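One structure below.
Treat the numbers as computed from the prediction; the structure is a model and nothing was measured. Values below: all heavy atoms of this structure, side chains included; hydrogens, waters and symmetry mates excluded. Both ligands and their constituent atoms are indexed starting at 1 by order of listing.
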Amino acid sequence: MDMKQKIAERIAQCAAKCYEGCALTCADVMQMIEIPPDKKMGDYALPCFRLSKTMRKAPQMIAASLAEKLCCPEIERAEVVGGYLNFFLKRSSMAEVIVEAVLAKPGRWGGSDVGAGKTVCLDYSSINIAKRFHIGHLSTTMIGHSLKRIYDFNGYKTVGINHLGDWGSQFGKMVAAYKLWGNREEVEKGGVQAMVDLYVKFHAEAEKDPSLDDLGRAWFKKIEDGDEEAMEIFSWFKAVTLKDTQRVYDLLGVEFDSYNGEAFYNDKMDPVVEELQQKGLLVESQGAKVVMLDEYNMPPALVLRSDGATLYITRDLAAAFYRHNEYNFDKCLYIVAYQQNLHFKQLFKILDLMGHEWHKGMEHVSFGMVSYEGRALSTREGYVVYLEDLLNKAIEKAREIIEEKSPNLPNKDEVARQVGVGAVVYFDLHNERIKDIDFRWERALSFEGETGPYVQYTHARCCSVLRKAEAYKDAKPNYDVLCDDEAMDVLMLISRFPEVVRKAMDANEPSLITRHTTSLAQAYNKYYFEHRIMEESDPAGTAARVNLTDAVRDVIKTGLYLIGVEAPERM
Ligand code: ARG
């Protein structure tokens, strides 16, 4: 039971009774309800100022008449203060309702079926072939993964797409370099790094010998023409890259439903270009074909080069049509860094100009940059941090901490992986996505403050309480013991969780869940330190506190799951 939702329903019903013809909906009231800054003022408050226009009464009077008529089991009393109607919830009944509701459907609290029958495509991670996965790719991967889980949790069908960057003239150079200096075993062994080394060498040598560039172009032409040898090498590059990256995906627990990338659209662009032409949207510019967008304050979008070559945006146009036809999506999200803002604005605008209404379901979910220990990453300056190295280091550090804090823990390796990776992922999804992130070890791995390990530890604490509470399993809980302020804080946070999940989905903002789950962990720890959970003399009270703990455990686990973080039961 989401308390706020319940109260909103009651108010809407009551308003309809007090004011004939009043069209106040439950959703309106949901929007208006506030949480007072001080609990002494109430658990929820309804500001009545906005209502005074439509109801033609002073806000105080509206509040007073609502207070008089509002009578429901959830509310202990309502007070009128100024134009506010402040509510005090009936704590014991609230505790029972909320805790029992969570425990009735384990792992489902906060989920819904609002997305039933609808499909969301999520384009995330979308790595480039023959480039190493560095920490700049963490956000797209984890925001996308988290959003996929959030939409799933709300009943949507989701399609996770890794739109591989597997097309471009650089691959001609790579094949050329491989033919000149490469050898199969070295690349098999060295993986992506060996390919990167070849590419770097190619550029260094081409400085001295410009004919190499022609060779690169010739190989790219062969790839374009589907030459057998060129294709064999290129496909193998792809396989090596995916195999290397898979190790990171496995660590992160990330999966995809499709790896259709740029090359997949090679034979799917003609109809798009034709349609653009037909609709009079293509303009010649120095032999190239562009879509003019100056009316919309954007530079022209280059769709065909003068030599007929297609571009990134041409492929994205074809991909949009393909996804529309194949999945009939309601939403198509692109989780890509804000550097590509213009690209997506152009893409959506072009589809709009083509008259395809479905472009309205497309959205660019952008995010900020990651720096590392206070310094911007730069491939040119050689300051790069590879994701796999980062994760392995995190696991190692977590392992050291576990060794120190709980040397007797069984399956230390497994827990170290969960905590190390969880710390990194949590760190990435803690701030509003549009903000830049500065990754710091000290903060990511701390067991205190707003960190992954802290929340995971709270979850493990709940599990530990439950293991010890077996003896109280059959006692009938007396929820009157959950009337103190600390329990109330915990209950309110649980109660608000479904609303937070919805907001996170509507705003494509996983950090809302990260933060709310953290607040819940903090509130529970406060409760835990100020109250004895197990009291032999009071089995009924104990059973209620144990159930509260169980509900907290369940919601924290779900919160972590939704941001892609595992929840070990012992730490
Ligand atoms: N591979 C691209 C990059 O690394 C991201 C692709 C994003 N997805 C898309 N459909 N354009 O910049």
Output side-chain donor-acceptor pairs under 3.5 Å for residues 346-355, partner residues at least two apart or in another chain, one line each.
{"from": "Gln346", "atom 1": "NE2", "to": "Pro299", "atom 2": "O", "distance (Å)": "2.9"}
{"from": "Lys349", "atom 1": "NZ", "to": "Asp352", "atom 2": "OD2", "distance (Å)": "3.1"}

**Message:** As a test of reading the model: which residues have a non-hydrogen atom less than 4.0 Å away from ligand 1?
**Reply:** Asp123, Ser126, Asn128, His163, Tyr312, Asp316, Tyr334, Val336, Gln340, Phe344
Enumerate donor-acceptor pairs with a distance under 3.5 Å from any side-chain N or O in residues 223-231 to protein atoms, sequence neighbours excluded.
{"from": "Asp225", "atom 1": "OD1", "to": "Lys221", "atom 2": "NZ", "distance (Å)": "3.3"}
{"from": "Asp225", "atom 1": "OD2", "to": "Lys221", "atom 2": "NZ", "distance (Å)": "2.7"}
{"from": "Asp227", "atom 1": "OD2", "to": "Glu229", "atom 2": "N", "distance (Å)": "3.2"}
{"from": "Asp227", "atom 1": "OD2", "to": "Ala230", "atom 2": "N", "distance (Å)": "2.9"}
{"from": "Glu229", "atom 1": "OE2", "to": "Lys179", "atom 2": "NZ", "distance (Å)": "2.4"}

**Message:** Between Glu499 and Arg496, is the salt bridge (charged side-chain N to carboxylate O under 4.0 Å, His left out) condition met? List the steps.
**Reply:** CA-CA 5 Å; Glu499 188 192 343; Arg496 262 167 48 210; 5.1 Å; no
**Asked** Below 4.0 angstrom, N of the basic side chain to O of the carboxylate: do Arg399 and Glu396 qualify?
**Response** no
**Asked** Would Phe133 and Tyr249 count as a ring-ring contact (aromatic ring centres under 6.0 Å, His included) if you check the C-alpha gap in whole Å, the side-chain angles of each, and the deciding distance to 0.1 Å?
**Response** CA-CA 10 Å; Phe133 211 6; Tyr249 288 145; 5.5 Å; yes
**Prompt:** Going by the ring-ring contact (aromatic ring centres under 6.0 Å, His included) test, which pairs reach into residues 274-311, not counting sequence neighbours?
**Reply:** none
